[in-house]
Amino acid sequence: MKKAIIAGFLVLLMGWSSAVVPAYAEEQSKGGGGLNQGELAPSARSAILLDADTGTIIYEKNSHDKLPPASITKIMTMLLIMEAVDEGHLKLTDKVQASEYAASMGGSQIFLEPGEEMTVDEMLKGIAMASGNDASVAMAEKIAGSEEGFVKMMNDKAAELGMKDTHFVNCNGLPAENHYTSAHDIAVMSRELLKYEKITDYTGIYQDYLRKDSEKPFWLVNTNKLVRFYSGADGLKTGYTSEAKFCLSATAKRDGLRTVAVVMGAPDTKTRNQEVSRMFDYAFAQYTMRSIYKPGEVLGIVKVQKGREPQISIQAEKDYSVLVKKGVKDPDIRHEIQMETNVKAPVSVGQVVGKLNVYQGDRLVKEFELTSPVEVKKAGFWKLFKRTTGKLFHVDS
């Protein structure tokens, strides 16, 4: 009798365990479909594959190991450049002068001369395509005044993004003691960089020129060959040193699904590209995005206390989607919208006023912040008085 009770309990437990494995993605310790950790990237020291929009991990292997990243470091450098441009601190047409120190950088470079000027746009090309160590330092000095100041910004940004496996010592990834990150953290900063859609105008180009109209034009060929040879690939950054081996953070997009694949410590370029391609192939074959709301769809109304406008219409800013496994007939995806009930004027553009929660069954799989698309200033006395009296006499105000 006791054995029968125990057996029944185990059957129930096994049934419950299988029920909570999400249909929208497999558990992080495996590739989807029960793959062992080494099967997608067997030669890489560490690797990770995820959906760029939601950050859902599809596959990982030693993804939190702290390793030298080589020039993948420049993803953070490009992120801070794009952030400065977005915030208006820099323009793509601004001139950047190379210091003697910047021009002295070895390794991959665009061969800046001391005192030579290029635009931010040209420097970004030199960093994204040719992995210019000199261009990276020149931009660091432009933004922060010194490479040391810029490195502090890099580490501050890493902390802000929750990158717990990371510590930067320089802005270009040249070998240095205590300079490390992980495949997981590279994926995090890659996702953040991809929020600036213009970045793929640089990382996705296969060839271009610098100093095109000069006596010595410099031909740029992207170090990431996947942007030419893998359909949908448009970034992001390669890396190599003898210590780090061959590294790559790559992104590709097909049918609305953008993926990020990172490999670190691959033995050679061919293997690195093969393993990233294999991860991409798997993601596009096995997963798709399920749209919850499309851009522009109305999600609800938020009432604003004492505002010039009494309420705000909240619309989807982007395609709110979750990753689901292809072939699953009923992944049991549902969602809830929760709007703030105590919003008081003034309200700023981008202020969080609610959230969209997406569930599989009872499990929260994604939370989207809902923000105000407009500014709402505080109403004056007469506006509030007219509104109050209007309500009393059923008059619009």
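Just so it is clear, the values below take in all heavy atoms, side chains as well, and ignore hydrogens, waters and symmetry mates.
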Checklist entry - For the side chain of D134 and the backbone of L112, is there at least one donor-acceptor N/O pair under 3.5 Å apart? => result yes

Checklist entry - Salt-bridged, D65 to R45, with N to O below 4.0 Å? => result yes

Checklist entry - Do M153 and M78 sit in the same hydrophobic cluster, where Ile, Leu, Val, Met, Phe, Trp and Tyr count as joined when their side-chain heavy atoms come under 4.5 Å apart? => result yes

Checklist entry - Going from CD on Q109 to OG on S104, what distance comes out if it is rounded to the nearest 0.5 angstrom? => result 9.5 Å

Checklist outcome for this item: Looking only at heavy atoms, the pair that brings A138 and A102 closest together is N-CB, 3.8 Å

Next on the checklist: Any side-chain to backbone donor/acceptor pair from R308 onto A345? Under 3.5 Å, distance only.
Outcome noted: no

Item to check | Cationic N near anionic O, under 4.0 Å, R334 to D362 | outcome: yes

Item to check | Donor-acceptor contact present, side-chain R278 to main-chain L40, <3.5 Å | outcome: yes

Item to check | Ion pair D94/K91, N-O distance below 4.0 Å | outcome: no

Checklist entry - Taking everything shown except E100 itself, do over 12 heavy atoms lie less than 6.0 Å from its CD? => result no

Checklist entry - Passes side chain to side chain contact (heavy atoms under 4.5 Å, CB included), L370 versus L356? Steps please. => result CA-CA 7 Å; L370 304 179; L356 166 64; 4.2 Å; yes

Checklist entry - Between K61 (side chain) and A44 (backbone), is there a donor-acceptor pair under 3.5 Å? => result yes

Checklist entry - Side chains of I75 and S249: closer than 4.5 Å at any heavy-atom pair? => result yes

Next on the checklist: Quick check with a 6.0 Å cut-off and a 45 degree axis cone: is R272 positioned over the face of F246's six-membered ring?
Outcome noted: no

Next on the checklist: Tell me if the centroids of the rings in Y59 and Y282 come within less than 6.0 Å of each other.
Outcome noted: no

Next on the checklist: Whether the side chain of T203 engages the backbone of D234 through a donor-acceptor N/O pair (distance < 3.5 Å, no angle test) should be reported.
Outcome noted: yes

Next on the checklist: To the nearest 0.5 Å, what is the distance between CD1 on I301 and CE on M339?
Outcome noted: 8.0 Å

Item to check | Residue pair K306, K344: steps toward the side chain to side chain contact (heavy atoms under 4.5 Å, CB included) verdict | outcome: CA-CA 6 Å; K306 298 183 178 180; K344 297 179 181 178; over 6 Å; no

Checklist outcome for this item: Taking every heavy atom of E147 against every heavy atom of N170, the minimum-distance pair comes out as OE2-CB, 3.3 Å

Next on the checklist: Taking the side chain as everything from C-beta on, heavy atoms only, tell me whether I333 gets closer than 4.5 Å to V322.
Outcome noted: yes

Checklist entry - Yes or no on side-chain hydrogen bond (donor to acceptor under 3.5 Å, both in side chains) for R290 and S321, after CA distance, side-chain angles and deciding distance? => result CA-CA 5 Å; R290 171 167 292 196; S321 305; over 6 Å; no

Next on the checklist: Using a strict threshold of under 4.0 Å (side-chain N to carboxylate O), is an ion pair present between K125 and E122?
Outcome noted: no

Checklist entry - Sub-3.5 Å donor-acceptor pair from the side chain of T77 to the main-chain atoms of C171, do we have one? => result yes

Item to check | Matching residue for V353 among T371, V302, V304 - test: side-chain contact (heavy atoms from CB on, under 4.5 Å) | outcome: V302

Checklist entry - Hey, are the side chains of V347 and E375 touching, using non-hydrogen atoms and a 4.5 Å cut-off? => result no

Checklist entry - More than 12 non-hydrogen atoms from neighbouring residues, nucleotides or ligands closer than 6.0 Å to CD on E87, yes or no? => result yes

Checklist entry - L67 versus Y180: any side-chain heavy-atom pair under 4.5 Å? => result no

Checklist entry - Aromatic rings Y293 and H335: how do their planes relate, parallel, tilted or perpendicular, breaks at 30° and 60°? => result perpendicular

Item to check | Note, V358 side chain near T54 side chain (heavy atom, < 4.5 Å) | outcome: no

Next on the checklist: Is it the case that the side chain of Q351 and the backbone of S348 share a donor-acceptor pair, with hydrogens and angles ignored and the cut-off at 3.5 Å?
Outcome noted: yes

Checklist entry - Is a salt bridge present between E83 and K157, judged by a nitrogen-to-oxygen distance below 4.0 Å? => result yes

Checklist entry - So if you build clusters from Ile, Leu, Val, Met, Phe, Trp, Tyr with side-chain heavy-atom gaps below 4.5 Å, do I72 and V137 land together? => result no

Next on the checklist: Determine whether V120 and T93 satisfy the following criterion, side chain to side chain contact (heavy atoms under 4.5 Å, CB included), listing intermediate values before the conclusion.
Outcome noted: CA-CA 6 Å; V120 172; T93 53; over 6 Å; no

Checklist entry - Any side-chain heavy atom of L193 within less than 4.5 Å of one from L236? => result yes

Item to check | Hphob cluster co-occupancy, I110 + I143, side-chain heavy atoms under 4.5 angstrom | outcome: yes

Next on the checklist: Ignoring hydrogens and geometry beyond distance, is a side-chain donor-acceptor pair present between N222 and Q207 at under 3.5 Å?
Outcome noted: no

Item to check | Reported CE-to-OH distance for the pair M82 and Y202, which is rounded to 0.5 angstrom | outcome: 6.5 Å

Checklist entry - Which heavy atom of V374 sits nearest a heavy atom of S372, and at what distance? => result O-OG, 2.6 Å

Checklist entry - T166 versus L161: any side-chain heavy-atom pair under 4.5 Å? => result no

Next on the checklist: For a 4.5 angstrom cut-off between non-hydrogen side-chain atoms, does S71 reach N133?
Outcome noted: yes

Checklist entry - Just by distance, do the side chain of N357 and the backbone of E336 share a donor-acceptor pair under 3.5 Å? => result no

Checklist entry - Can any side-chain N or O of H179 pair as donor or acceptor with the backbone N or O of V169 at less than 3.5 Å? => result yes

Next on the checklist: I need the T259 OG1 to D53 CG distance, nearest 0.5 Å.
Outcome noted: 12.0 Å

Checklist entry - Roughly how far, to the nearest 0.5 Å, is CD1 of I81 from CE of M76? => result 12.0 Å

Checklist entry - Is K355 paired with E367 through a side-chain N to carboxylate O contact shorter than 4.0 Å? => result yes

Next on the checklist: Tell me if the CD atom of E369 is crowded by more than 12 foreign heavy atoms within 6.0 Å.
Outcome noted: no

Checklist entry - Between M118 and L80, is there a shared hydrophobic cluster once you connect ILVMFWY residues whose side-chain heavy atoms come closer than 4.5 Å? => result yes

Checklist entry - Parallel, tilted or perpendicular for F368 and Y320, by the 30°/60° rule? => result tilted

Item to check | Nearest-0.5 Å distance that lies between atom NE2 in H184 and atom CD in E60 | outcome: 7.5 Å

Checklist entry - Should K270 and E275 be marked as a salt bridge (charged side-chain N to carboxylate O under 4.0 Å, His left out) after you check the CA-CA gap, both sets of side-chain angles, and the distance that decides it? => result CA-CA 9 Å; K270 183 179 179 181; E275 296 195 347; over 6 Å; no

Next on the checklist: One thing to verify: whether K303 and E340 come together as a salt bridge, which I'm taking to mean a side-chain N less than 4.0 angstrom from a carboxylate O.
Outcome noted: no

Next on the checklist: Does the structure place the NZ or CZ of K152 under 6.0 Å from the centre of the six-membered ring of F150, at an angle of no more than 45° from the ring's axis?
Outcome noted: no

Checklist entry - Closest approach of L299 and A316, non-hydrogen atoms and distance? => result CG-N, 3.9 Å

Item to check | Full working for side chain to side chain contact (heavy atoms under 4.5 Å, CB included) between S277 and L226 | outcome: CA-CA 8 Å; S277 297; L226 292 183; 3.6 Å; yes

Next on the checklist: Please verify the inter-ring angle class for Y206 with F229; under 30° counts as parallel, over 60° as perpendicular, anything in between as tilted.
Outcome noted: perpendicular

Checklist entry - Quick check: does any side chain N or O of D319 sit under 3.5 Å from a backbone N or O of K294, one acting as donor and the other as acceptor? => result no

Item to check | Whether over 12 other heavy atoms sit under 6.0 Å from K366 NZ | outcome: yes

Item to check | More than 12 heavy atoms of other groups within 6.0 Å of D255 CG | outcome: no

Checklist entry - With the 4.5 Å side-chain cut-off for hydrophobic clustering, are L90 and M154 part of the same group? => result yes

